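This is a predicted model, so every value here is computed, not measured. Both backbone and side-chain heavy atoms feed into the values below; hydrogens, waters and symmetry mates do not.
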Amino acid sequence: QLQLVESGGDLVQPGGSLRLSCAASGFTLDPYHIGWFRQAPGKEREGVSCISSFGRSTNYADSVKGRFTISRDNAKNTVYLQMNSLKPDDTAVYYCAAAPTRDITVPMCVITSDEYDYWGQGTQVTVSS
């Protein structure tokens with residue numbers, strides 16, 4: 001049974017920080033690209049960041065560059081999203097997702113939803129004063 005569980009979402013003030021976690025069960029995350037996506041009410045799901053299999057590279061949406069950092073802890077089978085300098089526009093349900101490596105020689109990941117096979121249930125992030 002392949003399962004991803006997000007946690008760490010909360011209500012924070014603008015300028016605050018949160019760290020989201022994506023924990024896997026039923027499989028090891030090492031050979032998977034892991035993406036973070038978010039969806040606000042009435043808006044389309046948006047790619048936020050990804051980290052490639054075995055942590056070889058990362059990718060970020062322009063809207064979060066310099067503020068968010070993605071990382072993975074192999075021992076804990078968990079991927080993190082550190083979010084700093086949060087803005088009200090960051091308010092959304094955040095999802096993590098996993099995609100099998102298609103070509104081990106290409107250490108890149110993309111934040112396109114169609115590339116990811118397994119999804120978590122989401123965790124709510126609210127940024128408001």
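Distance alone, capped at 3.5 Å, places no donor-acceptor pair between the Asn77 side chain and the Ala23 backbone. Between the side chain of His33 and the backbone N or O of Val110 there is no donor-acceptor pair closer than 3.5 Å. A distance-only check finds a donor-acceptor pair linking the side chain of Ser52 to the backbone of Ser57 [under 3.5 Å]. In terms of modelled atom types and a separation under 3.5 Å, the side chain of Ser49 and the main chain of Asn59 share a donor-acceptor contact. With hydrogens and angles ignored, the 3.5 Å screen pairs no side-chain donor or acceptor of Arg38 with any backbone N or O of Val125. In this structure, the side chain of Glu6 engages the main chain of Gln121 through a donor-acceptor pair within 3.5 Å. With hydrogens and angles ignored, the 3.5 Å screen pairs no side-chain donor or acceptor of Asn74 with any backbone N or O of Phe54. Of the possible donor and acceptor atoms, none in the side chain of Thr58 sits under 3.5 Å from a partner among the backbone N and O of Ile51. With hydrogens and angles disregarded, a donor-acceptor distance shorter than 3.5 Å links the side chain of Tyr60 to the backbone of Ile70.
Atom CD of Gln124 is separated from atom CG of Leu11 by 9.5 Å, given to the nearest 0.5 angstrom. To the nearest 0.5 Å, the span separating CG on Asp89 from OG on Ser63 amounts to 9.0 Å. Separation of atoms OH (Tyr94) and CG (Leu20) is listed at 7.5 Å; rounding is to 0.5 Å.
What you find for Gly9 and Thr123 is that their closest heavy atoms are N-OG1, 3.1 Å. What you find for Gly47 and Phe37 is that their closest heavy atoms are CA-CD2, 3.4 Å. Across all non-hydrogen atoms, the minimal contact from Pro14 to Ser129 is CD-N, 3.7 Å. In terms of heavy atoms, Ser113 sits closest to Trp119 at O-CZ2, 3.7 Å. Between Leu81 and Val48, the closest heavy-atom pair is CD2-CG1, 4.3 Å. Of all heavy-atom pairs spanning Ile34 and Ala98, the tightest one is CD1-CB, 3.6 Å.
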I would like to know whether Lys65 and Asp62 meet salt bridge (Lys or Arg N to Asp or Glu O under 4.0 Å); could you show each step before the answer? CA-CA 5 Å; Lys65 286 181 179 178; Asp62 289 342; 3.1 Å; yes

Intermediate values then yes/no, side-chain contact (heavy atoms from CB on, under 4.5 Å), Cys50 and Glu115: CA-CA 11 Å; Cys50 66; Glu115 297 293 322; over 6 Å; no

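Ring centroids of Trp36 and Phe68 are separated by 6.0 Å or more, keeping the two rings apart.
A 4.5 Å side-chain heavy-atom check between Asp117 and Pro100 finds at least one atom pair inside the cut-off. Residues Leu86 and Gln13 have side chains not in contact (no heavy-atom distance under 4.5 Å, counting atoms from C-beta outward). In this structure, the side chains of Met83 and Val12 stay at 4.5 Å or more apart for every pair of heavy atoms. Leu4 is listed as a side-chain neighbour of Phe27, based on a closest heavy-atom distance under 4.5 Å.
No hydrogens or angles considered: nothing links the side chains of Ser21 and Thr78 as a donor-acceptor pair under 3.5 Å.
Both Val79 and Leu18 belong to a common hydrophobic cluster when Ile, Leu, Val, Met, Phe, Trp and Tyr are linked at side-chain heavy-atom distances under 4.5 angstrom.
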